[in-house]
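First comes the structure, then the notes that go with it.
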Amino acid sequence: MADTSEIQHLKYDPSQIEPKWQQIWRDEKTWHVSNKPDGRPSSYVLEMLPYPSGEPHMGHMKVYSVGDALAHYRRRNGMRVLHPMGYDSFGLPAENFAIKTGRPPRESTEDAIAEFRRQFETWGVSIDWDREFGTHQPTYYRWTQWIFLKLFEAGLAYQKEAAVNWCPNDQTVLANEQVVDGHCERCGHAVEIKQLKQWFFKITDYADRLLNDMGSELEGWPQNVKTMQKNWIGRSEGAEVIFSCHSIDTSYPVFTTRPDTLFGATFFVMSPEHPDVTRIAEGTGQEEAVRDYVNASAQKTKEERGADDKEKTGVYLGRTITNPVNGEEIPMYVADYVLMEYGTGAIMAVPAHDQRDYEFAKKFEIEIRQVIAPASDEVEVPADAAYVSSTGSDVLINSGEFTGESSVEAKAKVTNWLKESGRGESTVNYKLRDWLISRQRYWGCPIPVVHCEKCGIVPVPEAALPIELPEISDYLPKGKSPLAAATDWVEVHCPECKGPAERETDTMDTFVDSSWYFMRYTDAKNDREPWHRAVLNEWMPVDNYIGGVEHAILHLMYARFFTKALHDLGLVGATEPFKNLFTQGMITRDGAKMSKSRGNVISPRSYVERYGADTARAYILFIGPPDQDADWADEGVEGVHRFLARLWRLGLEVDSAGAGSGVDAPATVAGDSANAVMRKANWAIDKVTADMEGRFAFNTAIAAVMELVNELYKQKDALVSEGGDSAQALRFATAAAASLLFPFAPHVSAEVYEVLGGGRVWETEWPKADESFLKSDEITLVVQVNGKVRDKISAAADATQDELLDLAKSSEKIAGYVDGKEMIKEIVVPGKLVNLVVKG
RNA sequence: GCGGGUGUGGCGGAAUUGGUAGACGCGCCAGCCUUAGGAGCUGGUGGGCGAAAGCUCGUGGGGGUUCAAGUCCCUCCACCCGCACCA
């Protein structure tokens, strides 16, 4: 036996261990997975595509720690696992950097990618690097353009002039989803509304399926993400009601969820963006006031218009319009509380039963006519606010032939009545808008169409793809894409008439790039098609998708839309991209989000250099449940590092003790120490397996391995001196600890396993607990009197209820509590506890 | 305002179906080892009372169901996240 006291002082040095294993994995392409089915079930584990900028941050380390643990676990459970890597490498930050420094986005992006790849390798993440790509590579975006053409052919990509969100700082339009509280999601600048001709994807065609399929196909998604998407889609049932303005012989539909309140509509309001408002005011003397109001609205930012406590404003349009239910002429207004992008851009206003209309009517002294009354006296109608039903048992008043009807039934009755005379019908309205995908920026995927004077919009033929992004020198945006200045590139011949034509100079939103990358991974090297259908269907949908909740709406909804649209085109078998979604919590520092401005950013690199990747990764998983936010504490890192060092030293010590060999379980187990160790090892196997299966409880899984290692330290001296099977039990249990820890700390685990003679741990099957060590002969019986623990007695595990009861009663301590008192009830929970209920 | 979530020692967190609250780690205390310790090993560590045995209180507050509640129900509070003039 070697001198173990020397081992105690050996230093666990990850900088020696980790590169050794990384080199093996890299040289042997250990994590490469073939597309040829081999009988094993397939599993697709994917972390959200990283945007390569600077170097990876803690959020990246967390997402790959989670995903890698899962990928390793699946592999060792006999699955064929696809676990690829790539980069979301088009985007504004690289372009803004180019504007500042003149350095081409391609160069800075590719540098960042190299740094990301280098660091990911130092983390020892088990990636199939053969499938790596960046979305900025022509070999990738060729197919982004190809998909655009497919969507264009299917009528799902179109150009229209619309009131759109414009960020004056980034000099580009933004999708609705990219506007947060009236500000640009990227730079934080206040967003303006502009009328511009833009490209859209018709995601609204899929509104119902995006909504309904969440219920049937996304059981593996967190509820909060589904709720967010549901709210974003914003389906609401109601009616479209047509109001006629006889003085100009035009009619306007409105959307309402309350057709039952139509008799209370005492005015009509249109959005300032409504194309007809100035025309309506013409010849009424209100032209100027209306024009001024419309112009003033256009100047305002989204935030100013939507301010919480903002008083209602508006201007009379100088005309009246006819309420279709009672023929009343009601005044028309323009007001910015009506949004052009929702419904029809015009509303019927019912001040008695809508708070916004109420506020407007008060200010403009318009009649407030109550038409809904509570059925019961117990409900009060407020005197200074709109009455909005809360009971669902309201009735109509002042509503002609519908007076006395219940509010709920009247909705359908009024709608049907209107429908008979062609003045309305029931409809469904959505908050979801079509996805605005064009951006007036350089560093993105060019939209593959040309504009021809004769032929109009002409898609580029597939054979001409990719339309490559030209090299330019001036990246400064000027309200148009910088591409517009690349005249050599812009000026082309029309593919149809061969006449002079111009390329589209807008590029695509980078969310387009990331809406299909998970499909490309399945067949990343295919240069004839974006993927081979059979290959794609073998892997898709992604079994476990892991990433931040910040993508709950944007990326996740777009990816779902793409999958459904491509499915409908016959290109994809799946109807949903991600079967299970896991949203990991943030890593904070001192309780706050890490940010440069706070100066509390810590880099994974510094911890990898100091403690090794295993420590950093295991710490991230140990800190708490991975779906929760977690605060980074350096002391905690030290603790995990100590634990890994303990395991590593234990491996050396156990092996150098000389007794036993290899990592197999002993033939026989005798003695307290050997039994204790075997029980603990099998308990840990059982526990870690359960924690990996049911949920991502990596924190308790690691804690279980810590408990095992603690037990081994306690028993090792005894086991070594006993020798024989006892020493073998120690080898087995130590190897089991390494094996169980492998998904979380792969390098040190591989090292320990190898030291013990077990070979390559990742080639071994996930350990299975030996049931015979899981149950013990004895249990601790908890004895309660009136629900309070009064004694703990050791009892046989197979004792009957009566035996347990007798045992409990025979306790002297218990006697002190129950003697001389009346026994009311005796409760026995087999294997656990006895509760005696006494009185007096 | 609407929707969702969280609340447990000094700290991060455990507690599978209601059945020993506080696993594991950090921190702290003590002992051992050592020339030394900011290394390693062992033990202790929720509050109060007590020399101890033990008693008692205790999972944001209040109430309830139950033999038994961190867990179920009602109610209130605090914090976090999402949406928000959506007709």
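Chain identifiers are assigned alphabetically (A, B, ...) following the order of the sequence lines, protein sequences preceding nucleic acid strands; residue numbering begins at 1 within each chain. Since the structure is predicted, the reported quantities are computational estimates derived from the model, not experimental observations.
- Among the atoms of the strands shown, base atoms are found under 4.0 Å from some heavy atom of A/Val338.
- For B/G9, the base is syn relative to its sugar; the glycosidic angle is within 90° of 0.
- Among the heavy atoms of the strands lying under 4.0 Å from A/Arg695 are primed sugar atoms or P, OP1, OP2 only; no base atom is included.
- Counting non-hydrogen atoms under 4.0 angstrom, A/Lys230 reaches nothing in the nucleic acid.
- With the nearest nucleotide of RNA chain B identified for both A/Tyr619 and A/Leu833, A/Tyr619 has the one nearer the 5' end.
- For a distance-only test at 3.5 Å, the side chain of A/Asn231 fails to qualify as a donor-acceptor partner of the base of B/C83.
- Counting non-hydrogen atoms under 4.0 angstrom, A/Tyr430 reaches nothing in the nucleic acid.
- Within the 4.0 angstrom heavy-atom criterion, only backbone atoms of the sugar-phosphate kind lie near A/Lys813; the bases stay farther away.
- Within 4.0 Å of A/Arg433, counting heavy atoms only, lies no atom of the nucleic acid at all.
- The aromatic ring centres of A/Phe698 and A/Phe622 sit 6.0 Å or more apart.
- Using a 4.0 Å heavy-atom criterion, one finds that A/Asn429 contacts no nucleic acid atom at all.
- Across all strands shown, A/Gly234 has no heavy atoms under 4.0 Å from either base or sugar-phosphate atoms.
- Residue A/Arg642 places at least one side-chain N or O under 4.0 Å from the OP1 or OP2 atom of B/C26.
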